[in-house]
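Notes to accompany the following structure.
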Amino acid sequence: MASTSRNASRRGNARNTQSQSQHTQSQILESTPMAIDNQVLTMINFILCHSANKVPIKFTDLTASVDNRNEAIKRLPLVSQLLEETYGIKLIQLDGAPKRYICVAEAPVASTAELTSSQQKHQALLYIILTYIFLRGNKIEDEKLYAMLTMMEIDVHEEHGYFGDDIFDVINDTFVNQQYLRRERSQLSPYDDPKTFFSWGPRAKCEITYQEIVKFASKLFNQDASFFQQQLMMAEGVDNPEMMETPNESIDNTESYNVTMDTDSQ
């Protein structure tokens with residue numbers, strides 16, 4: 001799981017507004033011959049200071065940091081360019097309204113040693129969840145997800161020796177708010193009660209590849225990566241429908257094995 005604050009923190013503390021402002025001005029002015037102004041710097045500072053928690057940045061909040069909405073719109077392409085060139089951070093607009101953006105680090109985390117203890121635990125849990133969604137055709141009912149975790153002795157409503165006592169909130173609040181998971185309510189038929197489903201969120205698709213998940217699943221289930229090629233083709237087909245000539249039924253391989261928790265798999 002890439003850390004959007006990692007690249008920025010190597011050049012300065014994004015949470016210290018005053019020092020970040022000075023750092024931003026000097027570094028950007030040295031790295032680009034393009035003309036910039038204080039509003040561009042202000043927008044960059046705002047994004048850097050609000051990117052560490054990975055919660056999407058609302059366009060209305062971003063425009064409030066400068067003179068007006070139109071000025072922000074004119075400067076946004078330059079702001080995006082400078083963030084990528086100077087800090088290795090891509091500014092990606094999310095689908096839907098209101099207009100929101102997420103910051104994604106171009107370079108992935110090279111080792112879990114770069115993460116805090118809490119981040120390591122969240123990463124392990126996230127990879128387990130994303131892997132299960134991947135194996136189940138990229139969409140899974142919430143109760144089935146919780147049941148799978150229970151099979152792994154991870155009760156989302158009970159304290160866990162490794163993941164702690166807030167697993168349900170991490171899944172439904174943290175991962176959803178950070179856009180790693182997409183949660184939606186849908187009704188399969190007029191006679192069914194609406195159900196909640198999880199799928200990969202836009203941040204997960206930007207930061208994590210299906211090949212990484214195949215590698216993780218191979219370790220988790222002690223199987224060769226080739227065992228998951230059908231799921232890999234299906235997942236890629238969901239993102240690229242033109243690749244799918246005929247639909248395939250998803251295969252759930254997770255129920256065929258006794259899964260043991262290996263928190264060092266990543």
Side-chain angles (χ1 to χ4, degrees), residues 1-28 31 38-66 72 75-76 78-94 98-127 129-130 163-164 166-167 169-183 200-208 212 266:
M1 177 169 49
S3 171
T4 58
S5 63
R6 180 165 59 87
N7 292 329
S9 65
R10 289 176 177 174
R11 300 171 173 85
N13 185 352
R15 288 167 292 186
N16 187 318
T17 305
Q18 183 176 0
S19 61
Q20 183 66 57
S21 177
Q22 296 172 350
H23 174 74
T24 301
Q25 291 185 36
S26 61
Q27 188 165 17
I28 290 177
S31 64
N38 287 333
Q39 293 192 68
V40 170
L41 296 174
T42 298
M43 291 174 67
I44 291 176
N45 283 327
F46 182 90
I47 292 169
L48 291 176
C49 291
H50 290 80
S51 64
N53 61 9
K54 298 189 178 183
V55 174
I57 298 171
K58 296 179 181 178
F59 182 69
T60 52
D61 292 337
L62 182 59
T63 57
S65 66
V66 295
R75 289 164 174 78
L76 193 58
L78 176 58
V79 168
S80 179
Q81 176 188 339
L82 293 175
L83 282 171
E84 186 168 352
E85 293 177 350
T86 308
Y87 295 98
I89 294 176
K90 288 187 176 182
L91 189 66
I92 299 174
Q93 182 176 340
L94 298 175
K99 189 182 294 185
R100 299 177 301 161
Y101 300 88
I102 58 173
C103 294
V104 177
E106 286 188 296
V109 172
S111 169
T112 55
E114 298 184 33
L115 305 176
T116 65
S117 175
S118 177
Q119 289 172 334
Q120 290 177 14
K121 295 173 184 179
H122 282 191
Q123 184 192 50
L125 179 62
L126 177 64
Y127 267 67
I129 292 171
L130 292 178
F163 295 115
D166 58 348
I167 299 173
D169 291 337
V170 169
I171 295 172
N172 284 272
D173 294 335
T174 304
F175 290 161
V176 171
N177 290 338
Q178 292 179 341
Q179 302 294 306
Y180 282 113
L181 294 177
R182 184 188 299 277
R183 183 182 58 206
W200 281 40
R203 184 184 293 279
K205 291 184 177 182
C206 288
E207 294 184 357
I208 303 169
E212 289 179 81
Q266 284 297 300

Of all residues at least two apart in sequence or in a different chain, which pass the side chain to side chain contact (heavy atoms under 4.5 Å, CB included) check with [X]?
X: Thr60; answer: Lys58
X: Asn177; answer: Asp173
X: Ser80; answer: Leu91
X: Ser117; answer: Lys121

Output the distance between atom [atom1] ([X]) and atom [atom2] ([Y]), rounded to the nearest 0.5 Å.
X: Ile89; Y: Ile102; atom1: CD1; atom2: CD1; answer: 12.0 Å
X: Tyr180; Y: Cys206; atom1: OH; atom2: SG; answer: 10.0 Å
X: Ser65; Y: Asn45; atom1: OG; atom2: CG; answer: 9.0 Å
X: Thr86; Y: Gln81; atom1: OG1; atom2: CD; answer: 9.0 Å
X: Gln93; Y: Phe59; atom1: CD; atom2: CZ; answer: 9.0 Å
X: Arg75; Y: Leu78; atom1: CZ; atom2: CG; answer: 9.0 Å

Determine whether [X] and [Y] make a side-chain contact, defined as any pair of heavy atoms from C-beta on separated by less than 4.5 Å.
X: Ile92; Y: Pro202; value: no
X: Lys54; Y: Gln179; value: no
X: Tyr127; Y: Glu212; value: yes
X: Phe175; Y: His122; value: yes
X: Leu130; Y: Leu181; value: yes

Revision key, fill the gap. Applying ring-ring contact (aromatic ring centres under 6.0 Å, His included) to Tyr101 and not counting sequence neighbours gives none

**Study point:** Within 6.0 Å of NZ in Lys99, more than 12 heavy atoms from elsewhere
**Key:**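 Yes - once you tally the heavy atoms of other residues, nucleotides and ligands closer than 6.0 Å, there are more than 12.
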
Exercise for review: Determine yes or no for a side-chain-to-main-chain donor-acceptor pair under 3.5 angstrom, with Arg203 supplying the side chain and Ile208 the backbone.
Suggested key: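 Between the backbone of Ile208 and the side chain of Arg203 there is no qualifying donor-acceptor contact (under 3.5 Å).
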
Review point. With distance as the sole test, does Gln120 use its side chain to make a donor-acceptor pair with the main-chain N or O of Leu115 at under 3.5 Å?
Key: yes

Review point. Among all residues two or more places apart in sequence or in another chain, which pass the salt bridge (charged side-chain N to carboxylate O under 4.0 Å, His left out) test with Arg100?
Key: none

Point to revise | Single hit among Leu83, Leu48, Leu76, Leu82 for side-chain contact (heavy atoms from CB on, under 4.5 Å) with Met43 | key: Leu76

Check your understanding: Phe46 and Ile57: side chain to side chain contact (heavy atoms under 4.5 Å, CB included), yes or no, with the steps?
Key -> CA-CA 9 Å; Phe46 182 90; Ile57 298 171; 3.7 Å; yes

